[in-house]
Amino acid sequence: MKYLLYRFPDALDWGDEDEPQQGRSSTQKNDEPRLKEGFRFPVQAELVAVEYGEDIYQVTNSLIQAVDQDLSGMAEYARFDCCAYAPDEPFALEYMTDDEFDYEISGIVCGGADGLNKIIYFGVKEAPGSGT
């Protein structure tokens, strides 16, 4: 099986829990994200890696490493710590695209003097094919 890894731009705003959202009291949280200003649905993703394996479990470590390398290699995140969570069912991707993804990976960028803590979403598609 072939696994295609796509990176989405930092396009989701989950709202600030300290600020009331329009139509919400200060005690209600924003449960659903919205697209940041300047982005329109559907948001375009970029293919960043292709991994091959029998199933998602066999390629999980390779996908996590690909996310880490992709984020670490970006100029704006070069001085920060980068890591990723294992593939899971898509959730946040549905707010950015109508494209079908089999899995979602959250790439985490954090650290630095300014206390950056950012989630960059990646989508994974399964496709028939082998690496041979």
Side-chain angles (χ1 to χ4, degrees):
M1 188 71 68
K2 180 168 44 173
Y3 293 86
L4 307 169
L5 180 67
Y6 294 86
R7 178 181 14 90
F8 283 83
D10 182 21
L12 287 183
D13 181 8
W14 291 85
D16 187 347
E17 293 180 7
D18 295 333
E19 293 180 17
Q21 301 295 315
Q22 183 176 0
R24 296 177 187 263
S25 73
S26 61
T27 58
Q28 290 176 310
K29 293 183 180 177
N30 186 12
D31 293 335
E32 293 189 6
R34 60 184 181 276
L35 290 177
K36 291 180 178 178
E37 192 172 322
F39 289 97
R40 291 181 6 167
F41 187 87
V43 176
Q44 189 67 35
E46 179 181 347
L47 179 65
V48 294
V50 178
E51 300 293 341
Y52 295 92
E54 290 182 25
D55 56 31
I56 189 67
Y57 304 107
Q58 190 177 40
V59 297
T60 292
N61 288 339
S62 297
L63 290 170
I64 290 171
Q65 185 176 14
V67 167
D68 184 43
Q69 288 175 349
D70 181 60
L71 292 174
S72 297
M74 297 174 71
E76 68 249 52
Y77 303 137
R79 65 180 215 263
F80 297 102
D81 294 325
C82 301
C83 62
Y85 288 110
D88 202 354
E89 292 181 27
F91 171 71
L93 298 181
E94 70 185 40
Y95 296 98
M96 290 187 280
T97 184
D98 52 5
D99 212 359
E100 294 288 326
F101 285 90
D102 297 295
Y103 303 96
E104 176 179 302
I105 297 177
S106 299
I108 310 300
V109 181
C110 59
D114 56 358
L116 179 71
N117 190 11
K118 190 180 280 194
I119 301 173
I120 306 297
Y121 293 99
F122 290 76
V124 179
K125 290 185 179 184
E126 287 182 334
S130 65
T132 58

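The basis for the numbers below is simple: all heavy atoms, side chains too, and nothing from hydrogens, waters or symmetry mates. By convention here, the first residue in the shown sequence is residue 1.
- For the atom pair CZ of R7 and CD1 of I105, the computed distance is 13.0 Å after rounding to the nearest 0.5 Å.
- For the residue pair E104 and A92, the shortest heavy atom distance occurs at OE1-N, 2.9 Å.
- In plain terms, the two heavy atoms of D98 and F41 that are nearest each other are N-CZ, 3.5 Å.
- None of F122, F39, F101 except one satisfies the ring pair (Phe, Tyr, Trp, His ring centres under 6.0 Å) rule with F8; the exception is F101.
- Atom CD of Q44 is surrounded by 12 or fewer heavy atoms from other residues, nucleotides or ligands within 6.0 Å.
- Looking at Q58, its side chain does come within 3.5 Å of a backbone N or O of E54 through a donor-acceptor pair.
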Candidate pair R40 and L35, rule side-chain contact (heavy atoms from CB on, under 4.5 Å), full reasoning: CA-CA 7 Å; R40 291 181 6 167; L35 290 177; 5.7 Å; no
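- Taking the ring axis of Y6 as reference, the NZ or CZ atom of K125 stays within 45° of it and closer than 6.0 Å to the ring centre.
- Considering only heavy atoms from C-beta on, K2 comes within 4.5 Å of V50 through its side chain.
- A salt bridge links D13 to R34: one of the charged nitrogens lies within less than 4.0 Å of a carboxylate oxygen.
- Scored by the side chain to side chain contact (heavy atoms under 4.5 Å, CB included) test, D88 finds no partners at all (sequence neighbours excluded).
- Other residues, nucleotides and ligands contribute only 12 or fewer heavy atoms inside 6.0 Å of the CG atom of N61.
- In this structure, the side chains of L12 and M96 come closer than 4.5 Å at one or more pairs of heavy atoms.
- What you find for P87 and T60 is that their closest heavy atoms are CD-CG2, 3.6 Å.
- Between the CD atom of Q65 and the SG atom of C83 there is a distance of 13.5 Å, given to the nearest 0.5 Å.
- Within 6.0 Å of the OH atom in Y85, the count of heavy atoms belonging to other residues, nucleotides or ligands does not exceed 12.
- Not one N or O on the side chain of D81 forms a donor-acceptor pair closer than 3.5 Å with the backbone of G111.
- The two residues I56 and L63 have their closest heavy-atom pair at CD1-CD1, 3.7 Å.
- When side chains are defined from C-beta on, I108 counts as touching I119, because their heavy atoms get closer than 4.5 Å.
- E51 has its side chain out of reach of L5: every pair of non-hydrogen atoms, C-beta onward, lies at least 4.5 Å apart.
- Side-chain contact between L4 and V124: absent, with no pair of heavy atoms (C-beta onward) separated by less than 4.5 Å.
- Y77 is listed as a side-chain neighbour of K118, based on a closest heavy-atom distance under 4.5 Å.
- Side-chain contact between Y95 and E32 is present, with at least one heavy-atom pair separated by less than 4.5 Å.
- Among all heavy-atom pairs drawn from I64 and A86, the shortest one is CD1-CA, 3.8 Å.
- Ring planes of W14 and Y121: tilted class, angle from 30 to 60°.
- Pairing each heavy atom of L71 with each of G107, the nearest pair is CD1-CA, 3.8 Å.
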Stepwise, does the side-chain contact (heavy atoms from CB on, under 4.5 Å) test hold for L93 with D99? CA-CA 9 Å; L93 298 181; D99 212 359; over 6 Å; no
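- With rounding to the nearest 0.5 angstrom, the CD atom of E126 is 5.0 Å from the CE atom of M1.
- From Q69, atom CD reaches atom OG of S62 across 9.5 Å, with rounding to the nearest 0.5 Å.
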Report the C-alpha distance between C82 and D68 in whole Å, list the side-chain angles of each, state the deciding distance to 0.1 Å, and finish with yes or no for side-chain contact (heavy atoms from CB on, under 4.5 Å). CA-CA 6 Å; C82 301; D68 184 43; 3.4 Å; yes
